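Heads up: numbering here begins at 1 and tracks the sequence. In this text the structure is predicted, and so the values were computed from the model without any measurement.
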Amino acid sequence: MSQQFKFIEVEQHDVVGLIRLNRPEKLNAWTGAMREEIMQALKAFDAAEGTRAIVMTGAGNRAFCAGQDLSEAHDFDVEGSKAWIRTWETFYDVIRSLGKPLVFALNGTAAGSAFQTVLLGDVRVGHPGVRMGQPEINSGIASVTGPWIMNMMLGMSRTIELTLTGRLMEAQECQHIGVLHHVVPEDQVLPRSLEIARELGAKPPVAMRLDKQRFREMTEASFRETIDAAIRLHAESYATGEPQRMMEAFFEQRKKH
């Protein structure tokens, strides 16, 4: 892949395409521009004849991704929140539409929208220091797409608890409930992920593509309903000013440290 990116790095490891989120100074928190680059890389790897599987990881050793960069979300209003949700619809569409397997190599914390995104992957590998969860409520952000994804993967009881408490789960709990498929030493996360990607890439490609297509079809109607609900509920939330106030308080607190 010859294209140069600003917020991510891409590499080719034999038949495996690697995408590395590259904003370690911001805990790899993503903006709309960063997600645009990720989508370009995902689509390019999915179309490349020499690529049979994809791995996504993060730079540094603190976080895979801290979720939405709040400095971007801080300035949203009602109309901005609607456009924001549409960008997430597009982002999730790209991930859900991949014909090739997607493995997440979790080098650290995956929180909020990053937690949601990795749940849409096929296999997740982490280490004992990984933490995962849905802390959006702590920033005054209503969770809509997150509970939809968590309910599919984890069931309603745990979805409610994780959404309303905003707590992060430790790696042991993540593995126990099936959020992490493999927990390995930190320095083995990427090698093990590449190994799994190669194993998946060696499967019959048509069967792989059709299996993934069927998984998408099984959840398509509820996905579109969720996007509509997210637009409606985020508009209501931002109209009250609560997310803006909570994020302003967050930034003020951060200035003191």
A.B. asks: Does Asp69 use its side chain to pair, donor to acceptor, with the backbone of Trp30 at less than 3.5 Å?
C.D. replies: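 A pair under 3.5 Å: no.
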
A.B. asks: Do Val184 and Leu180 belong together in a cluster built from hydrophobic side chains that touch within less than 4.5 Å?
C.D. replies: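 Val184 and Leu180: separate clusters.
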
A.B. asks: Scan residues 104-126 for pairs that pass salt bridge (Lys or Arg N to Asp or Glu O under 4.0 Å), counting only residues two or more places apart or in two chains.
C.D. replies: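 Found Asp122-Lys212.
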
A.B. asks: Between Glu11 and Arg20, does any side-chain N to carboxylate O distance fall below 4.0 Å?
C.D. replies: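 Looking at Glu11 and Arg20, the cut-off is met.
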
A.B. asks: Are a donor atom and an acceptor atom from the side chains of Tyr238 and Glu79 found within less than 3.5 Å of each other?
C.D. replies: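 No, Glu79 and Tyr238 have no side-chain donor paired with an acceptor closer than 3.5 Å.
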
A.B. asks: Decide yes or no for Val123 and Pro101: does some side-chain heavy atom of the first lie under 4.5 Å from some side-chain heavy atom of the second?
C.D. replies: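 Counting from C-beta outward, Val123 and Pro101 never come under 4.5 Å.
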
A.B. asks: Does the side chain of Glu36 reach to within under 4.5 Å of the side chain of Phe7, using non-hydrogen atoms?
C.D. replies: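 No, too far: nothing below the 4.5 Å cut-off.
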
A.B. asks: Tell me whether Arg232 is salt-bridged to Glu236, with the criterion being a basic N under 4.0 Å from an acidic carboxylate O.
C.D. replies: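 The answer is no: the pair does not qualify as a salt bridge.
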
A.B. asks: Counting only N and O atoms by type, is there a donor-acceptor contact under 3.5 Å from the side chain of Lys100 to the main-chain atoms of Ala48?
C.D. replies: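 Such a contact is found between Lys100 side chain and Ala48 backbone.
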
A.B. asks: Examine the side chains of Glu217 and Gln213 and answer whether a donor and an acceptor come within less than 3.5 Å of each other.
C.D. replies: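 Indeed, the side chains of Glu217 and Gln213 share at least one donor-acceptor pair under 3.5 Å.
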
A.B. asks: For the atom pair CE (Met152) and CE (Met218), what is the distance rounded to the nearest 0.5 Å?
C.D. replies: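 If we round to the nearest 0.5 Å, Met152:CE and Met218:CE are 9.5 Å apart.
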
A.B. asks: Is it true that Met153 and Phe115 fall in one hydrophobic cluster, defined by side-chain heavy atoms closer than 4.5 Å?
C.D. replies: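 Yes; Phe115 is reachable from Met153 via cluster members.
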
A.B. asks: Carefully, step by step, assess Val179 and Leu119 under the rule side chain to side chain contact (heavy atoms under 4.5 Å, CB included).
C.D. replies: CA-CA 7 Å; Val179 170; Leu119 286 179; 4.1 Å; yes

A.B. asks: Flag the pair Glu195 and Arg192 as a salt bridge only when some basic side-chain nitrogen lies within less than 4.0 angstrom of an acidic carboxylate oxygen.
C.D. replies: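 Looking at Glu195 and Arg192, the cut-off is met.
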
A.B. asks: Grab the two heavy atoms, one from Ala114 and one from Cys65, that are nearest each other, plus how far apart they are.
C.D. replies: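 Scanning both residues completely, I find the closest heavy atoms to be CB-O, 3.3 Å.
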
A.B. asks: Apply salt bridge (charged side-chain N to carboxylate O under 4.0 Å, His left out) to Arg96 and Glu89, showing your working.
C.D. replies: CA-CA 10 Å; Arg96 285 166 49 79; Glu89 180 180 23; over 6 Å; no

A.B. asks: Starting from the C-alpha separation in whole Å, work towards a yes-or-no answer on side chain to side chain donor-acceptor pair (under 3.5 Å) for Gln134 and Ser143.
C.D. replies: CA-CA 8 Å; Gln134 183 74 10; Ser143 292; 3.1 Å; yes

A.B. asks: So, taking the atom named CD1 in Ile95 and the one named CG in Leu120, what distance separates them when rounded to the nearest 0.5 Å?
C.D. replies: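 Output value for this atom pair is 6.0 Å.
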
A.B. asks: Please evaluate residues Ile227 and Phe223 with respect to the criterion side chain to side chain contact (heavy atoms under 4.5 Å, CB included), reporting the C-alpha separation (whole Å), side-chain torsions for both, the decisive distance (0.1 Å), and the verdict.
C.D. replies: CA-CA 6 Å; Ile227 294 298; Phe223 172 61; 4.0 Å; yes

A.B. asks: Can a donor-acceptor pair be found, under 3.5 Å and without considering hydrogens, that links the side chain of His127 to the backbone of Asn107?
C.D. replies: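 Checked: pair present.
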
A.B. asks: When rounded to the nearest 0.5 angstrom, what distance separates CG in Leu154 from CD1 in Ile149?
C.D. replies: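 The CG atom of Leu154 sits 10.5 Å away from the CD1 atom of Ile149.
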
A.B. asks: Testing the basics here: between His234 and Ala142, what is the closest heavy-atom pair and its distance to 0.1 Å?
C.D. replies: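 His234 and Ala142 have their closest heavy atoms at CE1-O, 3.0 Å.
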
A.B. asks: Please check if any side-chain donor atom of Arg245 sits under 3.5 Å from a side-chain acceptor atom of Thr240, or the reverse.
C.D. replies: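 No donor-acceptor contact under 3.5 Å links the two side chains.
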
A.B. asks: Are Val125 and Phe104 close enough that some pair of their side-chain heavy atoms sits under 4.5 Å apart?
C.D. replies: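 Not in contact.
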
A.B. asks: Test your reading of the model: is there a side-chain donor-acceptor pair from Thr109 to the backbone of Ala63, 3.5 Å cut-off?
C.D. replies: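 Side chain of Thr109 to backbone of Ala63, a donor-acceptor pair under 3.5 Å: no, none is there.
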
A.B. asks: Could you name each residue pair satisfying ring-ring contact (aromatic ring centres under 6.0 Å, His included) that touches residues 153-177, not counting sequence neighbours?
C.D. replies: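 Pairs touching residues 153-177 that pass the test: none.
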
A.B. asks: Hey, does the side chain of Thr51 reach the backbone of Ala47 with a donor-acceptor pair shorter than 3.5 angstrom?
C.D. replies: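 No, the answer is negative, given that no donor and acceptor are paired below the 3.5 Å cut-off.
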
A.B. asks: To the nearest 0.5 Å, what is the distance between CG (Leu162) and CG (Leu168)?
C.D. replies: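 Going from CG on Leu162 over to CG on Leu168, the span is 9.5 Å.
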
A.B. asks: Do Gln68 and Ser113 have side-chain N/O donor and acceptor atoms under 3.5 Å apart?
C.D. replies: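 The criterion, which ignores hydrogens and geometry beyond distance, is not satisfied for Ser113 and Gln68.
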
A.B. asks: Are Leu102 and Val15 linked, directly or through other ILVMFWY residues, by side chains that come within less than 4.5 angstrom of each other?
C.D. replies: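 Result: no, two separate clusters.
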
A.B. asks: Once side-chain contact (heavy atoms from CB on, under 4.5 Å) is applied, do any residues pair with Thr226, and if so which ones, sequence neighbours excluded?
C.D. replies: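 Scan of Thr226 (side-chain contact (heavy atoms from CB on, under 4.5 Å), adjacent residues dropped) gives Val144, Thr145, Trp148.
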
A.B. asks: Linking I/L/V/M/F/W/Y whenever their side-chain heavy atoms sit closer than 4.5 Å, directly or via other members, would Met56 and Phe91 fall into one cluster?
C.D. replies: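 Yes, Met56 connects to Phe91 through the hydrophobic network.
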
A.B. asks: Grab the two heavy atoms, one from Ala105 and one from Ser193, that are nearest each other, plus how far apart they are.
C.D. replies: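 Ala105 and Ser193 have their closest heavy atoms at CB-OG, 3.2 Å.
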
A.B. asks: Quick one: does any side-chain atom of Arg216 pair with a main-chain N or O of Asp211 as donor and acceptor, under 3.5 Å?
C.D. replies: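 Side chain of Arg216 to backbone of Asp211: no pair is present.
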
A.B. asks: Looking at Ala29, is its backbone amide N or carbonyl O close enough to the side chain of Arg23 to form a donor-acceptor pair, meaning the two atoms are under 3.5 Å apart?
C.D. replies: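 Yes, Arg23 side chain to Ala29 backbone: donor-acceptor pair under 3.5 Å.
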
A.B. asks: I'd like to know if the side chain of Asn22 reaches the main chain of Glu9, judged simply by a donor and an acceptor atom lying under 3.5 Å from each other, with no hydrogens or angles considered.
C.D. replies: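 Side chain of Asn22 to backbone of Glu9: no pair is present.
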
A.B. asks: Measure the shortest side-chain to side-chain distance between Leu21 and Met34 over non-hydrogen atoms and say whether it is less than 4.5 angstrom.
C.D. replies: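 Yes - at least one pair of side-chain heavy atoms lies under 4.5 Å apart.
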
A.B. asks: Between Lys6 and Glu37, is there a side-chain heavy-atom distance shorter than 4.5 Å?
C.D. replies: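 Side chain of Glu37 against side chain of Lys6, heavy atoms only: contact under 4.5 Å found.
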
A.B. asks: Membership question, hydrophobic clusters at under 4.5 Å side-chain separation (ILVMFWY): are Leu200 and Val189 in the same one?
C.D. replies: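 In one cluster with Val189: Leu200, yes.
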
A.B. asks: Verify whether one side chain among Glu136 and Gln116 offers a donor that lies under 3.5 Å from an acceptor in the other.
C.D. replies: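 The answer is yes; a qualifying pair exists.
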
A.B. asks: As an exercise, state the distance from CG of Leu70 to CD1 of Ile141, rounded to the nearest 0.5 Å.
C.D. replies: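 The CD1 atom of Ile141 is 5.5 Å from CG of Leu70, to the nearest 0.5 Å.
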
A.B. asks: Do the non-hydrogen side-chain atoms of Leu106 and Met132 ever get within less than 4.5 Å of each other?
C.D. replies: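 When only atoms from C-beta onward are counted, Met132 and Leu106 do touch, with a gap below 4.5 Å.
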
A.B. asks: Under 4.5 Å between any side-chain heavy atoms of Val55 and Ile196, yes or no?
C.D. replies: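 A side-chain contact under 4.5 Å is absent here.
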
A.B. asks: Do Arg52 and Lys203 have side-chain heavy atoms sitting under 4.5 Å apart?
C.D. replies: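 Heavy-atom side-chain distance check fails, nothing below 4.5 Å.
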
A.B. asks: Can any side-chain N or O of Asp46 pair as donor or acceptor with the backbone N or O of Leu98 at less than 3.5 Å?
C.D. replies: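 Checked: no pair found.
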
A.B. asks: Over all heavy atoms of both residues, which pair between Ala53 and Ala197 is shortest? Give the atoms and the distance, please.
C.D. replies: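 Reported closest heavy-atom pair: CB-O, 3.3 Å.
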
A.B. asks: May I ask you to decide if Asp14's main-chain N or O and Gln12's side chain share a donor-acceptor pair within less than 3.5 Å?
C.D. replies: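 Yes, the answer is positive, given that a donor and an acceptor are paired below the 3.5 Å cut-off.
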
A.B. asks: Take the angle between the ring planes of Trp88 and Tyr92 and call it parallel below 30°, perpendicular above 60°, tilted in between.
C.D. replies: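 Tilted, since the angle between the ring planes falls between 30° and 60°.
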
A.B. asks: Between atom CE of Met246 and atom CG of Asn138, what is the distance when rounded to the nearest 0.5 Å?
C.D. replies: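 Spacing of CE (Met246) from CG (Asn138) equals 7.0 Å.
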
